[in-house]
Amino acid sequence: MATTATERLDAAVRRLTPRPDDNRLVPLVAAGTAPLDAIATLALEQYRIIDSDRRAFLHLAQRSTGSPTISTFFTAMADGEYIAMSRLHDLAAACRLDQATVRDYRPRPGCQVYPAYLAWLALNAEPANVVLALVANFTAWGKYCATVSHGLRTHYGFDARGCGFFDFFAQPVPGDGERALAAVRAGLDSGLLTEAADHYGDLVLSYELMFWNTLADLAPAGPAR
């Protein structure tokens, strides 16, 4: 059984690494066979997700005032959502989305389960357990974003600005790894990190895949775009 923060974190990442065929959209983007509508819908969904996640991270930071290390982790996550939102505007422009389309869009349930669950965790879960559940999923999310960015450049003619949203998540932010490890260590030292983190992680991964696969359902069986 893992006893150190590094071992605990590494074990969670290994256990929650999705199989290559679990995500049905990313391979389509990598091959250039996903319709541009799927990418545009991803951007529209992210407007709701980023705003919700930022509030969830801030609430988790507030609930973690007894552990400055964990609070700092969630504050940094919230700050990252501000950056992501600025990059999202460029992605929306590359997908030819105007402000009215963004404003009037009605989100798809399968794409919004992830932020809804994160909001539930922010209200109900021990923050130390949320740290571990999220960090394990961020590894998969980052790899997906890197693959999508490459696919958009290669097959869809997106430039650096259009891919900036995905590039932001694909590249590790300086200090993020250290903050995550420190937060896991603080959870272990305080005894607040429990096996519940594994159950949360299972659901986070499932809802992450639900997001991508809901978008994959927009892809036709025939040729792309």
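These numbers were taken from a predicted model, which means no experiment stands behind them. For this chain, numbers begin at 1 and follow the sequence in order.
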| said: Less than 4.5 Å apart, side chain to side chain, heavy atoms only: is that true for N129 and L193? | reply: yes
| Do any N or O atoms from the side chain of N213 and from the backbone of D22 form a donor-acceptor pair under 3.5 angstrom? | yes
| request: Look at the side-chain heavy atoms of Ile, Leu, Val, Met, Phe, Trp and Tyr, link any pair under 4.5 Å apart, and say whether F168 and V148 land in one connected group. | output: yes
| task | Answer yes or no: is there a side-chain heavy-atom contact under 4.5 Å between V184 and V135? | result | no
| query | Between the side chain of R161 and the main-chain N/O of D90, is any donor-acceptor distance below 3.5 Å? | reply | no
| Check: D198 main-chain N/O paired with R15 side-chain donor or acceptor under 3.5 Å | yes
| task | Find out whether L60 and F73 are in side-chain contact, i.e. whether some heavy atom of one side chain is under 4.5 Å from a heavy atom of the other. | result | no
| query | Are any side-chain N or O atoms of R63 and backbone N or O atoms of A122, one a donor and one an acceptor, separated by less than 3.5 Å? | reply | yes
| How about F138 and V204: do any of their side-chain heavy atoms sit closer than 4.5 Å? | no
| query | If only atom types and distance count, is the side chain of E81 paired as donor or acceptor with the main-chain N or O of A78 below 3.5 Å? | reply | no
| request: Measure from the side-chain N and O atoms of T17 to the backbone N and O of V13, and report whether any donor-acceptor pair falls under 3.5 Å. | output: yes
| message | As a quick check of understanding, evaluate side chain to side chain contact (heavy atoms under 4.5 Å, CB included) for L121 and V130, giving each step before the final call. | response | CA-CA 7 Å; L121 291 173; V130 181; 4.0 Å; yes
| said: Pairing donors with acceptors under 3.5 angstrom, does anything connect the side chains of Y144 and E208? | reply: no
| Check: L203 and Y117 side chains under 4.5 Å, non-hydrogen atoms | yes
| query | So, T4 versus R8: side-chain donor-acceptor pair below 3.5 Å or not? | reply | no
| task | Could you check if a side-chain atom of L205 sits within less than 4.5 angstrom of a side-chain atom of Y114, using non-hydrogen atoms only? | result | no
| query | Is it true that R55 and D51 make a salt bridge, defined as a side-chain N closer than 4.0 Å to a carboxylate O? | reply | yes
| message | Quick check on the 6.0 Å ring-centre criterion: do H150 and F158 meet it? | response | no
| Close side-chain approach of V102 and D98, heavy atoms under 4.5 Å | no
| field | Derivation and outcome, side chain to side chain contact (heavy atoms under 4.5 Å, CB included), residues T147 and V29 | value | CA-CA 8 Å; T147 301; V29 179; over 6 Å; no
| Hey, would you say the F211 and Y207 ring centroids sit under 6.0 Å apart? | no
| Among the clusters formed by ILVMFWY side chains lying less than 4.5 Å apart, do L215 and W141 turn up in the same one? | yes
| Is there a chain of hydrophobic side chains (I, L, V, M, F, W, Y, each step under 4.5 Å between heavy atoms) that links L192 to L9? | no
| query | Does a side-chain heavy-atom distance below 4.5 Å link F169 with R87? | reply | no
